[in-house]
Q: 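Let me give you the structure first, and then I'll get to my questions.
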Number of protein chains: 2
Amino acid sequence: MSIAEIKEHLIKHGVKPSLPRIKIFEYLISYKSHPTADEIYNALASELITLSKTTVYNTLDLFVKSKITIPILIEDNETRFDANTSNHGHFKCLRCNKVYDFDYDLSDHNIKELAGFEPREFHTYIKGVCKKCAQNAKD
Amino acid sequence: MSIAEIKEHLIKHGVKPSLPRIKIFEYLISYKSHPTADEIYNALASELITLSKTTVYNTLDLFVKSKITIPILIEDNETRFDANTSNHGHFKCLRCNKVYDFDYDLSDHNIKELAGFEPREFHTYIKGVCKKCAQNAKD
DNA sequence: GTATCTGCAAAACATTTGCAATTCT
DNA sequence: AGAATTGCAAATGTTTTGCAGATAC
């Protein structure tokens with residue numbers, strides 16, 4: 001996604017495309033590392049030298065409310081963020097702590113017990129050991 | 001589960017059955033409300049008048065390590081706990097904030113993209129509006 | 001020129017840590 | 001006594017809030 005496309009994307013979802021907002025969104029989509037607010041702040045602070053963590057938090061809150069970013073609650077002491085809002089799963093490696101995406105659309109599965117509930121968001125998380133770490137352990 | 005059965009359950013999983021531990025575990029299984037550490041503390045403080053939050057946290061950590069309790073990370077500012085360790089899903093109502101269980105065994109579904117990953121824990125969360133709240137909105 | 005956006009400093013809140021007191025065997 | 005458990009007080013770390021200054025339209 002180019003800067004122009006990011007701007008359009010933000011505007012389409014009612015978010016005024018200020019520089020911090022564009023940069024934060026760009027970071028989310030180009031690194032796909034599901035960063036924390038702190039990681040985003042550290043990554044961008046050298047470029048946006050007046051950036052504050054408050055703005056990072058404000059911006060992420062705005063993105064979540066505007067449905068262009070979803071919070072990933074896979075670890076209890078940190079919230080991670082993902083600009084891929086399509087239904088998919090997250091896999092967290094217990095060794096290297098990286099968070100990977102995987103294709104899985106929970107909403108595709110008809111969960112009979114939900115009868116009566118009106119679902120809005122679907123979240124699928126798996127924890128375990130990733131391929132790389134499992135391989136390293138064997139070496 | 002009776003007190004005697006709770007004791008046995010704790011011992012079987014390597015947890016010495018002290019009074020705070022028994023009471024905290026009893027609270028988890030009898031209320032099934034997926035309480036936070038704070039809610040557990042408030043519920044038990046009047047009975048166990050010397051109870052501290054540290055002990056609640058220590059005990060919950062011990063339960064999680066001993067695999068007799070799982071942390072529920074459905075909300076970013078709170079960790080909830082569930083003594084039902086079988087694979088199942090959680091539904092959080094965005095209106096009344098209650099967390100409900102539903103039958104869903106993610107591990108039953110063969111997730112092809114996981115090839116190479118070694119899964120250990122499966123978590124399924126859905127947010128939306130529960131039956132009761134949806135009904136009230138119509139009244 | 002008014003509304004929005006940004007960012008500093010302080011506050012809030014859940015959780016963790018260090019360590020001393022207590023309990024259990 | 002010795003080991004494990006408990007609990008107070010302080011620290012930690014993330015996120016939120018109040019408000020003032022900057023920016024945009």
Side-chain angles (χ1 to χ4, degrees), chain A residues 6-7 10-11 13-28 34-66 68-81 97 99, chain B residues 6-7 10-11 13-28 34-66 68-82 92 97 99:
Chain A
I6 291 174
K7 275 192 198 177
L10 297 183
I11 291 167
H13 290 85
V15 175
K16 216 180 270 184
S18 71
L19 182 58
R21 289 169 181 179
I22 294 169
K23 286 291 177 186
I24 291 171
F25 195 80
E26 185 190 26
Y27 188 84
L28 283 171
H34 317 90
T36 61
D38 193 62
E39 284 167 6
I40 295 170
Y41 172 77
N42 288 322
L44 297 179
S46 60
E47 191 181 349
L48 305 176
I49 55 175
T50 66
L51 185 68
S52 71
K53 271 198 192 170
T54 304
T55 297
V56 176
Y57 279 110
N58 285 342
T59 302
L60 290 169
D61 285 352
L62 181 63
F63 286 176
V64 171
K65 282 198 190 94
S66 307
I68 57 176
T69 296
I70 51 174
I72 304 178
L73 307 173
I74 203 166
E75 209 52 63
D76 50 344
N77 59 338
E78 60 185 24
T79 302
R80 298 187 164 272
F81 295 91
N97 289 318
V99 176
Chain B
I6 291 174
K7 277 192 195 178
L10 298 183
I11 292 167
H13 290 85
V15 175
K16 215 180 269 185
S18 70
L19 181 57
R21 290 170 179 177
I22 293 170
K23 285 292 177 184
I24 291 170
F25 196 81
E26 184 189 26
Y27 188 84
L28 282 172
H34 316 89
T36 61
D38 193 61
E39 284 167 5
I40 295 169
Y41 172 77
N42 289 322
L44 297 179
S46 62
E47 190 181 348
L48 305 176
I49 54 175
T50 67
L51 185 67
S52 71
K53 271 198 193 171
T54 305
T55 297
V56 176
Y57 280 110
N58 284 343
T59 301
L60 290 169
D61 285 351
L62 180 64
F63 286 177
V64 171
K65 282 198 191 95
S66 308
I68 56 175
T69 296
I70 50 174
I72 304 178
L73 307 173
I74 204 168
E75 207 53 62
D76 50 343
N77 58 340
E78 59 184 26
T79 302
R80 297 187 166 273
F81 295 89
D82 190 348
K92 167 144 186 172
N97 290 318
V99 176

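Just so we're clear, the structure is a prediction, and the values are computed from it rather than from any experiment. Here is the naming used below: chain letters follow the sequence lines, and residue numbers restart at 1 for every chain.
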Q: When we call it a touch if two heavy atoms are under 4.0 Å apart, what does B/Lys53 touch: a base, just sugar-phosphate, or nothing?
A: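 No contact.
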Q: Is there any protein nitrogen or oxygen under 3.5 Å from a nitrogen or oxygen in nucleotides 10-12 of chain C, and what are the pairs?
A:
none

Q: For the side chain of B/Ser66 and the backbone of B/Leu62, is there at least one donor-acceptor N/O pair under 3.5 Å apart?
A: yes
Q: Does OP1 or OP2 of C/dG7 have a side-chain N or O of A/Thr50 closer than 4.0 Å?
A: yes
Q: Taking the minimum atom-to-atom distance to the side chain of B/Thr55, which one of D/dT15, C/dT6, D/dT6 wins?
A: D/dT6
Q: Does C/dT6 have OP1 or OP2 sitting under 4.0 Å from an N or O in the side chain of A/Ser18?
A: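 Result: yes.
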Q: Quick one: does any side-chain atom of B/Glu39 pair with a main-chain N or O of B/Thr36 as donor and acceptor, under 3.5 Å?
A: yes
Q: Could you check A/Leu48, A/Leu51, A/Ile6 and say which one makes a side chain to side chain contact (heavy atoms under 4.5 Å, CB included) with A/Lys23?
A: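 Exactly one pass, corresponding to A/Leu48.
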Q: Assign each of B/Leu51 and B/Asp76 to its nearest nucleotide of DNA chain D by heavy atoms, then name whichever residue's nucleotide is nearer the 5' end.
A: B/Leu51
Q: Between B/Phe81 and A/Pro20, which residue's closest nucleotide on DNA chain C lies nearer the 5′ terminus?
A: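 Looking at the nearest nucleotide for each, A/Pro20 comes out on the 5' side.
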Q: Closer than 3.5 angstrom, by distance alone: can the side chain of A/His34 be matched with the main-chain N or O of A/Val99 as a donor-acceptor pair?
A: yes
Q: Measure NZ/B/Lys23 against C1'/D/dT6 and give the value in whole Å, please.
A: 17 Å
Q: Round to the nearest Å and state the distance from A/Phe63 atom CZ to D/dT15 atom P.
A: 16 Å
Q: How close or far is atom C1' of D/dT16 from atom CG of A/Asp61, stated in whole angstroms?
A: 9 Å
Q: Take atom CD1 of B/Ile22 and atom C1' of D/dT6, then tell me their distance rounded to the nearest Å.
A: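 Interatomic distance, CD1 of B/Ile22 to C1' of D/dT6: 15 Å.
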Q: Mind calculating the distance between CG (B/Leu44) and P (D/dT6) to the nearest angstrom?
A: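 Rounding to the nearest Å, CG of B/Leu44 and P of D/dT6 are 13 Å apart.
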Q: Locate the shortest heavy-atom distance separating A/Tyr27 from A/Pro35; write the atom from each residue and the value.
A: CE2-CG, 3.7 Å
Q: Quick one: does any side-chain atom of B/Arg21 pair with a main-chain N or O of B/Lys16 as donor and acceptor, under 3.5 Å?
A: yes
Q: Base, sugar-phosphate, or nothing for A/Asn77, non-hydrogen atoms under 4.0 angstrom?
A: sugar-phosphate
Q: Take A/Leu28 and A/Leu60 through the test side chain to side chain contact (heavy atoms under 4.5 Å, CB included) and record every step on the way to the result.
A: CA-CA 10 Å; A/Leu28 283 171; A/Leu60 290 169; 4.2 Å; yes
Q: How long is the line joining OH of B/Tyr41 and C1' of C/dC13, in whole Å?
A: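 From B/Tyr41 OH to C/dC13 C1': 16 Å.
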Q: Please give, in whole Å, the distance from C/dT16 P to B/Asn58 CG?
A: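 Going from B/Asn58 (CG) to C/dT16 (P), I get 9 Å.
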Q: Can you find a side chain N or O atom of A/Tyr57 that sits less than 4.0 Å from OP1 or OP2 on D/dT16?
A: no
Q: With a cut-off of less than 4.0 Å, is there a side-chain N or O of A/Thr79 near OP1 or OP2 of D/dT15?
A: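 Yes, such a contact exists.
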Q: Rounded to the nearest angstrom, tell me the gap between atom CG in B/Leu73 and atom P in C/dA14.
A: 16 Å
